[in-house]
Amino acid sequence: MSFKDDYQAKIKSLSEAAAQIQSNERIMSNPVAAMPISLITAITKRYKEYENVTLYSAFVIHPFDFFTNPEVAEKIRYHSFFMGPLERQLVSYGTFSVDPVNFSNLNLLIEQRIKPTTFVTTVSEMDEEGYFNYGPMGVTIGEVSSKVAQKVIIQVNKNVPKVNGTHNKIHIDDVDIIVEQDEQLLEIPETPSSNIDKKIAECIVPHVKDGSTIQIGFGGLANAVSYGLDSKKDLAVHTEMITESMVYLTEKGVITGPIRGGFAMGTRKLYDFSGDNDQISIEPLHLVNDPSRIAQIDNFVSVNGCLMADLTGQVVSEGAGTRFISSVGGANDFVRGATKSKGGQSFICLPSTNKNEKTGEVTSNIMMSFPPATPVTVPRADVQYIVTEHGIADMFNRSIEDRVEQMISIADPEFRDELRTQAITAGFIRK
């Protein structure tokens with residue numbers, strides 16, 4: 001049988017494909033632009049037929065009914081291994097669960113904990129050798145999910161660009177069901193940078209040497225740092241997320257080395273830039289984020305944001321108290337990898353204060369202790385540099401007393417006396 005004949009034999013309609021899902025299934029879906037929206041919508045419409053179906057993915061930006069309709073959520077429970085803006089808005093509904101995991105362990109999460117019965121994803125059109133390409137977002141967890149799952153259902157979408165990399169394809173022999181449904185890839189607009197973001201970036205940029213390999217996270221602060229590198233030369237990239245700013249830096253001739261990432265997430269321009277580009281290699285996240293691999297890259301620079309930090313350098317990236325705001329992601333992976341790199345630097349950034357939009361109250365993001373039940377994302381022993389708009393705290397391998405002094409120096413001046421008094425009372429520093 002030819003690849004084309006095999007293809008035709010496996011085609012089903014959306015409703016026929018959705019009918020293959022049974023109660024007690026564990027469905028793994030590729031995230032964001034690799035999420036098969038039409039297929040998952042068809043599955044969701046059949047919720048009354050299910051009991052105990054679980055869907056695992058991340059950064060969902062389509063408002064599926066299992067988010068907002070408790071009746072659907074009782075039948076289809078969603079688990080997120082990384083929260084996006086929509087999930088953050090809906091977390092108070094209690095209709096989904098969060099799975100904290102280092103991205104370097106995603107393969108283990110899927111193989112040992114989730115053990116999906118079905119894997120669903122969008123893919124490009126099939127090539128002459130019988131391969132479908134996962135595209136700029138689907139390489140993330142594509143290979144491990146397809147190998148573990150008992151069923152693989154793909155949604156073929158002509159709008160998915162083919163990307164270069166490793167484990168970036170799936171062969172028709174490894175596919176059970178095919179649906180054809182074209183969709184525009186979901187896009188994430190760039191987050192604008194605030195004036196404080198730009199001040200923080202100004203602290204970091206002078207420390208980035210020409211020829212460095214960079215990893216920069218998501219959001220306005222990360223964008224401020226990335227665009228601020230436009231005067232540098234011969235940079236390379238090794239990052240979980242390829243961003244719009246990296247398109248800009250490449251076009252300007254700043255990034256001349258290889259760009260290795262776990263996914264590209266942004267606008268159509270970024271997706272097209274990532275497709276069939278010899279400079280770019282998109283690889284599974286557990287490989288890209290492997291700290292031992294990162295450590296082998298000299299002059300590695302990691303830049304990530306966080307929500308809060310305490311006076312000893314513990315870093316919070318996931319939420320406050322029992323309220324989830326974000327997720328673990330690659331924070332630990334890149335902090336540990338960068339600090340083991342020869343000439344490596346790890347910067348964790350945050351504004352020094354936070355203003356409550358409702359009450360107008362201003363509080364310090366650097367504090368003596370966190371609200372009860374707040375998860376610590378990056379342990380203080382791993383942290384190298386913490387940065388606010390007031391400067392850089394050098395925390396690596398320092399004593400508690402030194403750490404406290406460093407953190408007070410980058411706190412907002414209005415809170416420094418209060419923090420010092422608290423530290424003295426706690427016995428962290430002497431008067």
Side-chain angles (χ1 to χ4, degrees), residues 193-207 217 219-225 228 301-321 323 325-326 331-332 335 338-339 345-431:
S193 300
S194 68
N195 288 333
I196 290 179
D197 293 336
K198 293 174 183 177
K199 288 181 180 179
I200 293 173
E202 289 172 0
C203 294
I204 296 172
V205 168
H207 294 269
L221 197 156
N223 287 335
V225 175
V301 179
S302 170
V303 181
N304 288 291
C306 73
L307 301 173
M308 298 179 283
D310 75 5
L311 286 178
T312 68
Q314 296 185 110
V315 169
V316 172
S317 301
E318 300 162 71
R323 180 177 174 236
I325 298 173
S326 187
N332 279 318
V335 167
T339 54
Q345 301 174 89
S346 165
F347 299 96
I348 298 177
C349 315
L350 74 165
S352 64
T353 60
N354 179 64
K355 184 175 182 179
N356 188 304
E357 294 180 0
K358 293 181 180 179
T359 65
E361 180 186 10
V362 177
T363 56
S364 177
N365 286 329
I366 295 172
M367 55 196 69
M368 176 65 203
S369 59
F370 303 128
T374 297
V376 172
T377 309
V378 184
R380 61 193 179 200
D382 289 335
V383 173
Q384 187 176 31
Y385 300 116
I386 297 179
V387 191
T388 73
E389 69 273 25
H390 299 293
I392 299 176
D394 181 352
M395 307 294 287
F396 203 47
N397 293 331
R398 284 184 177 270
S399 68
I400 293 295
E401 187 174 13
D402 286 349
R403 289 168 178 270
V404 170
E405 293 291 355
Q406 286 286 311
M407 291 301 292
I408 291 175
S409 74
I410 64 166
D412 186 275
E414 292 295 320
F415 292 95
R416 290 178 188 175
D417 288 344
E418 178 184 352
L419 291 170
R420 182 170 295 280
T421 299
Q422 291 173 342
I424 292 170
T425 301
F428 283 168
I429 57 176
R430 295 186 288 267
K431 292 182 181 180

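FYI, the numbering just counts along the sequence from 1.
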Output all residues satisfying side chain to side chain contact (heavy atoms under 4.5 Å, CB included) with V301, sequence neighbours left out; order by chain, then residue number. V208, S212, I214, V303, Q345, F347

My understanding is that only residues two or more places apart in sequence, or in another chain, count here; which of them pass salt bridge (charged side-chain N to carboxylate O under 4.0 Å, His left out) with E401? R430

Nearest-0.5 Å distance that lies between atom CD1 in I392 and atom CD in Q384: 10.0 Å

Would you confirm whether S399, through its side chain, and D402, through its main-chain N or O, come within 3.5 Å as a donor-acceptor pair? yes

Shortest non-hydrogen contact from M407 toward A393: SD-CB, 4.1 Å

Quick one: side chain to side chain donor-acceptor pair (under 3.5 Å) partners of E389, sequence neighbours excluded? S352

Does the side chain of T363 come within less than 4.5 Å of N356's, by heavy atoms? no

Set of residues satisfying side chain to side chain donor-acceptor pair (under 3.5 Å) with respect to N365, sequence neighbours excluded: none

What pair of heavy atoms forms the shortest contact from R403 to A381, and how long is it? NH2-CA, 4.0 Å

Go through the steps for Q314 and V316 under the test side chain to side chain contact (heavy atoms under 4.5 Å, CB included), then give the verdict. CA-CA 7 Å; Q314 296 185 110; V316 172; over 6 Å; no

Apply side chain to side chain contact (heavy atoms under 4.5 Å, CB included) to E318 and list each qualifying residue two or more places apart in sequence or on a separate chain. P100, V328, P375, T377

Name all residues meeting the salt bridge (charged side-chain N to carboxylate O under 4.0 Å, His left out) criterion together with E405; count only those two or more places apart in sequence or in a different chain, and write none if there are none. R420

Restricting to salt bridge (charged side-chain N to carboxylate O under 4.0 Å, His left out), what partner residues turn up for R380, sequence neighbours left out? none

To check you understand the geometry: which heavy-atom pair defines the closest contact between N332 and V378, and what is its length? OD1-CA, 3.5 Å

Within the structure provided, determine whether V376 and F370 are in side-chain contact (heavy-atom separation under 4.5 Å). yes

Which residues satisfy the side chain to side chain donor-acceptor pair (under 3.5 Å) test with N223, sequence neighbours excluded? none

Min side-chain heavy-atom separation M308-D310 under 4.5 Å: no

Got a sec, which residues hit salt bridge (charged side-chain N to carboxylate O under 4.0 Å, His left out) with D417, two or more places apart in sequence or on another chain? none

Might you work through the side chain to side chain contact (heavy atoms under 4.5 Å, CB included) test for C349 and I204, ending with a clear yes or no? CA-CA 9 Å; C349 315; I204 296 172; 3.3 Å; yes

Under the rule for side chain to side chain contact (heavy atoms under 4.5 Å, CB included), what residues qualify as partners of T353, not counting sequence neighbours? V362, D412, F415

Applying salt bridge (Lys or Arg N to Asp or Glu O under 4.0 Å), which residue pairs with at least one partner in residues 345-369 are found, sequence neighbours left out? none

Could you work out, with side chain to side chain contact (heavy atoms under 4.5 Å, CB included) as the rule, every residue matching P206, not counting sequence neighbours? none

State, to 0.1 Å, how close V383 and G313 come at their nearest heavy-atom pair, and which atoms those are. CG2-O, 3.4 Å

